[in-house]
Structure formats: structure tokens, C-alpha cells
2 protein chains.
Amino acid sequence: MPDRRKRATIREVAQATGLSPAAVSYALRGIQTSEETQERVRAAAEELGYEAHPIARALASGRTGMVGLLCGSLEDYWQQSLAVGIGRALLARDRYALIVDAVGDPQRELVLARQLRDQRVDGLIVQPLDPSAPLWAELAETLPVVSIGDALAGGNSQGEVVFDNRWGVTLALEHLRMLGHRRIAVFTPTRASTPDRPADVHVNAEARRLDLEVEVVVAQQSLAEATDAARRVLEGPGRPSAVFCFSDVIAYGVYAATRALGLSVPGDVAVCGYDNHPMSALLTPPLTTVDWNIGGIVETAVRLVVDVIEERSPARRVVCEPALRVRESTAPATA
Amino acid sequence: MPDRRKRATIREVAQATGLSPAAVSYALRGIQTSEETQERVRAAAEELGYEAHPIARALASGRTGMVGLLCGSLEDYWQQSLAVGIGRALLARDRYALIVDAVGDPQRELVLARQLRDQRVDGLIVQPLDPSAPLWAELAETLPVVSIGDALAGGNSQGEVVFDNRWGVTLALEHLRMLGHRRIAVFTPTRASTPDRPADVHVNAEARRLDLEVEVVVAQQSLAEATDAARRVLEGPGRPSAVFCFSDVIAYGVYAATRALGLSVPGDVAVCGYDNHPMSALLTPPLTTVDWNIGGIVETAVRLVVDVIEERSPARRVVCEPALRVRESTAPATA
DNA sequence: GCCAATGGCTGAACCGGTTCACTGAAGCGG
DNA sequence: CCGCTTCAGTGAACCGGTTCAGCCATTGGC
């Protein structure tokens, strides 16, 4: 094991300046001390190469400077983007993200949530698999909790960034309807509970409103399984003229299925995705998809949680509006 | 701010069992105490809901249980996969990954490396942008450092997981040669320094050995810029019959360029990538690409760093062999 | 000129564990 | 039965900051 060289402590800086450790502590944070003293202390600290020990500081002050990020499943492209973005946004605010991944298991999610609390993170951002768990309310009592995507049970979390997926669905379905499509298959990924990816409720409501005939198919969000599911639907009787996929990855599966069946996109079947994965613009043909401004979500979530940690009071609930990116995978119905 | 409920301390457990705090500390770690005492302490801890405070433990013991992961740029798909995998592998060993992202800036990389050290991570895994910086040697004196991809300057890091990219290049070029291609364009991403993505040296050596005519093009690893670069090469005189891209994303750019120019893959131009991005299997046509077993790299890097932290001595240098996945984007040369 | 308020700083407790030097008792060989 | 080692456990120092009560010297109001 390498021997960890000792670094200067606050008491050494105190000694060097002839002040008490307390005064040094204050001076370095620019409080309770005269300008002149602060300058002197800063100089001495610089000289000695002093840098406050984050662990000691965390123990004494009760704040670690870390924010937990609990992801439902980091397989998802968009959750990865979210995690990367949140990590950067926190770093820009001099905080660290402690990122953990429940790999799709709701039980594990709760275990990890407790572990993060036990690690004394200052706040928690969670993209919940199971928003209804009572644990969230319990955590929110002692810790700023911000949820992304779904509102948490208990209602006393410190913030929510919700996606207006209803609006996203409406955008996609209206787009397809305007192109003349009436029979539409909707592929939606499986999730433990999905109040805000309202495959059944909202899709059906919109279908009625727009006078569309929809068939909802639940598909694993993996390429292979999405391909199989799409194949079954497109081979079956009464093939839909358009497909709306609640995830770009599922749309890729649909592409693969059309290729296998010798169907063309958008000639035989129009395809609309959801996520605006960067790859989607590069497929043949480029995929029409719903984009949910990940940058905005990231910034909002981080702002909410940091505001609570630093005891400013934030807006508690922010809704992010998605937008439709029309590309070449959707075209007027031919039939 | 929520009031953080106080949790049981080790002294309370000591009180409850009639032992000293020291004895409790030992008992919970199963050392220096009798079986019977350990059982009694565990019961009391359970009863009181006691869980050791990680911050206090870190301060006293000098180990935080965290491993820093310093990524060159988390834009890259494969660096994301690496980060996700390393996060999981560490969690499985009861450690946390502190993931930071230099966003492609070598200066920033060094700043972040120092910050991680100051955060008192127990070890550091780095995928270096600038492997030649003297800082690495300095850090390695006081901290287990494992590098991924490139060996670090100074040579005293505790471990290296190197990719055998030479072998990957050989696999790809031999494959293209066997299909009859002789004029090959090689697209390689820009990086600060790339001893182990030896675009010039090794590609040229292999080209000579295999009697190939290659043109090396440096391209940004973004879709748009790769597309432009590919377009310029494919429009130019003496169009190559095959393209080898040192990143699947660049290959996607090549696909886009061929589409724009009305060329077909693999008919007019064969394309071979590098990364085996999961999307690559789903393109039209599915992309032939070099796969570097990310799972193996992840497991190896984590094992190396944890072994050093826990004072077992590891193999110091591990080479990961890539493999070629032949799909439909490469076909025999027609000319 | 007196009392209160303010500014600048100190000393000591505290955060909650770990670890080290030490002790008493038990075990063991001779 | 004695001296030596081993075992279980204790007490106190320690890790390196923060924070609170308190103190002295000014300053200001009236």
C-alpha cells in the first residue's frame, strides 16, 4: 500500500498565522473575520498547500457535498444521458454525484435508496421504478428528494420534474392522424408501474378523441424482443399503417422487423419513436420521434435539489414539455 | 430544511451491551472479540437500528470506500458503458464509484484528478486523455491508480488494462484484405494523444505488411462532422472500396454520407467499425465491427484497483483482446 | 458618561467512529 | 508452580474539521 503523505491541517495554518483554528475556519469561509485576517489566512494556506479535508468537514458540518442519483436502469440510453448530464451539472456546482443503478429491480431500488441515505448524501435525485413505495415519504422527511418522471408517493418530496408525456403522446398521434393514418400500433415498454407513461389510459383517450383505431403492445425494451414483438404485429392480420413506439430503441426493433418482412418505412408502415436518441437521425430512414429536452430536465432537477440543500425555496413542481422532431420515417398513408 | 433525525451511535450500542465503544467497533467487524460477544453486539445493534456512520468511519480509518472514476469524455458511447459497468461492479463489492467527466479537456482532467484525490477516494480508475502528464506518477505514489486504455507516464501505477488495439486493427484490415479490398480509407477520431489508438503508426505498418493502400483521415467523433469528412473522401477522386472507422459512431457518419451520395453499402463501399455499439447490429446493413469485450475490461479494472486497496497484490498489466464481429456491411470488392 | 450593541477572535466541545497501548485472566509448556 | 504467550476487552487519543458560548475592545445612541 502506498503511504499517504500527510497534508497540512487547519491547526498548522492556525499556528502559522498565530490564530486559533476556529478563526482560520471562519476566515477561509469569509465570515466572522476582518478582511485583513482573511487575506493573511489565505496566504498562509496557500503557502502550506492547505486544503480542507472533505471528510472531516462532512463529519463536523453534516453535509457531504454529494447528491445521490438513483437510476432505475442505466441500460436505457436516456437514463444514461440524464446521469451524465446530472453528474456534470452537479460538478459545475462543486458537488459530486453518487450514481447508483437499480438495474431494473424495484426491490434493489429501495435498498440502494437506503444505502445512499446512510452514506449521508445531502440530497437525492431519483428516477423511480416504483414511485408508490412508502420509503420515499420516509426519506423525504430527512433529506431533500427530487423525482424525475413520476411523482413520488406521500407528496412531500422537495421537488418533482415531471414529463408531460400526455402531450408527447398527443403530438405523435396527431402527427400520424394528420398524415391520414387510422390504424396504429402502439408499442410501450414494460415498467413496474407507469403512471406517467400512460400506455393504456392516455393513449386510449387520445385515440378516441382523434377517432383512431389503436392496438397497444407491451414490449421489452431490448432490441431483440422488440423486434420479435413488432414482427408478430406486422405479420398478423389487419396490419396497421403506422406504429408509434414509446422508445426509440423499440422503433429500431420495428425497423429490423420491417426489414425482415420486406416492408418499407415509411411506404408500407410509418414509424414514430420517443426519446430522440442521437442515433435516430442516422437511421435509414431518419426516425421521426418525440424529444424531451434532456438538458432542461437535468438542469431543473439539479437546481431543485441544490436549492433545497442550500435552503433557498424552489418551485416544487416543474413540467417539461416534449417536442416532435419530424423526419423521414413518417409519410402520408397510402391505402 | 428537513430535520435530520439522529441515529444510534456506537456509544449507545456500547451502553446497551455494557461494553466499551472499542469492543463494539471490533465486534461488528468480527475481530478481537469472542463469538458470543459478537452475537450480543449484533443483536443490540439490530435492536437499536445502528449502522456505522460512513463519514466518521472514513475520517477515523482513512478509507472512504469510494473509488474515483475519471473519464475522458462521457459523450462516447463506450465510455458510458464502461462507467455504468464499473459503477455496478464496484457496488457489487460494497464500494461506490465517484464518476467525473473531463468532457474532453486534458487540463480539466488533471484538475479533476486532483479533486478526486482531495476527496480521499481509496483508489482511482482513469481512462486518460493525456497519459503523459507527470501528475499520474505523483498520484500513484499515494493512491492506487489503474489506467484503462493507455499506460500512464511514470510506470508506477498499480495496474493497467490495455486494449490490444493493434490486434483490432490487424483483424479489421486483414478481413478487408481477404475480401479483396486494396484501397482503404481509415477514419480515426481526434484525441489529445493516442499511443494506443495508433492511427498512423500501426495502421501504416499493417498496410505495408498487407500490401494495402490506405488513406488516414482524422475526424471528430461526432456524427455531423464524421458525415462531412466521409463525404469529402467518398466524393473525391480515387474513391476507396472500403472504409475502416476507428469508432462505430464514425461509421454511422459514413453510412449517412453514402446515403447522401447515393452509394450502397457494402456494394459500392464496404464499411468496418470499431466498438460494437449495440445499435450497430441494427443498422441497414448491420455493421461489421471490432468488439472489445467491455465486460472483461470493467471486471479487470475493478479487480485490479480493489486488490490494491485491500492489499492483495494483483497482476499489474492485463491486455484485453478484441474480436471481429462480421456482419453485412462488408462484402467482397466488386471492382 | 453609561449601557447596549457589534465585530473579531478564542477555547473547548463535538461529530462518530478507529486504533493503539495496556491490563487482567486464562492457557500452556516445562 | 512459574514465566510466557494469547485472548478479550478497556480507556484514551486521534482523525480534522465546525460551531457555540463567551470574552474583550470598540463604537454608537442618548
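The basis for the numbers below is simple: all heavy atoms, side chains too, and nothing from hydrogens, waters or symmetry mates.
Remark: the backbone N or O of A:Ser73 is paired with a side-chain donor or acceptor of A:Gln79 at under 3.5 angstrom. Judged by distance alone, the side chain of A:Asp122 and the main-chain N or O of A:Val67 form no donor-acceptor pair under 3.5 Å. Using modelled atom types, one side-chain atom of B:Arg120 and one backbone atom of B:Asp118 make a donor-acceptor pair closer than 3.5 Å.
If you check residues 33-52 of chain A against DNA chain C, the residues with a heavy atom closer than 4.0 Å are A:Thr33, A:Ser34, A:Thr37, listed by number. Within residues 8-18 of chain B, the residues approaching DNA chain C are B:Ala8, B:Thr9, B:Ile10, B:Arg11, by heavy-atom distance under 4.0 Å.
Taking the charged nitrogens against the carboxylate oxygens, B:Glu141 and B:Arg117 have no contact shorter than 4.0 Å, which rules out a salt bridge. Electrostatic pairing of B:Glu36 and B:Arg40 counts as a salt bridge here, judged by a charged N lying under 4.0 Å from a carboxylate O.
Open room surrounds CD on B:Gln15; 12 or fewer heavy atoms of other groups in view lie less than 6.0 Å from it.
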Enumerate, atom names and distances included, each donor-acceptor pair closer than 3.5 Å involving a side-chain atom of residues 18-34 of chain B, sequence neighbours excluded.
from, atom 1, to, atom 2, distance (Å)
B:Ser20, OG, B:Ala23, N, 3.2
B:Ser25, OG, B:Arg29, NH2, 2.8
B:Arg29, NE, B:Ser25, O, 3.2
B:Thr33, OG1, B:Ile31, O, 2.9
B:Thr33, OG1, B:Gln38, NE2, 3.2
B:Ser34, OG, B:Thr37, N, 3.2
B:Ser34, OG, B:Thr37, OG1, 2.8

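Over its full length, the helix from C:dG1-D:dC30 to C:dG30-D:dC1 turns its helical axis through 30°, comparing axes from the five pairs at each end and rounding to 10°.
Contact footprint of chain A on DNA chain D: nucleotides with an atom under 4.0 Å from a non-hydrogen protein atom, first to last in 5' to 3' order, D:dG16 to D:dC20.
Note that CD1 of A:Ile125 is 5.5 Å distant from CG of A:Leu90, once rounded to the nearest 0.5 Å. The CG atom of A:Leu304 lies 9.0 Å from the CD1 atom of A:Ile148; values are rounded to the nearest 0.5 Å.
When only modelled atom types and interatomic distance are considered, A:Tyr77 and B:Gln80 share no side-chain donor-acceptor pair under 3.5 Å.
Using a 4.0 Å heavy-atom criterion, one finds that B:Ile55 contacts no nucleic acid atom at all.
For the pairing with A:Glu310, the salt bridge (Lys or Arg N to Asp or Glu O under 4.0 Å) check across A:Arg63, A:Arg93, A:Arg95 returns one residue only, A:Arg95.
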Fill in the blank from the handout: For nucleotides 21-28 of chain C, 5' to 3', base contacts (B), sugar-phosphate-only contacts (S) and non-contacts (-) with protein non-hydrogen atoms under 4.0 Å give --------

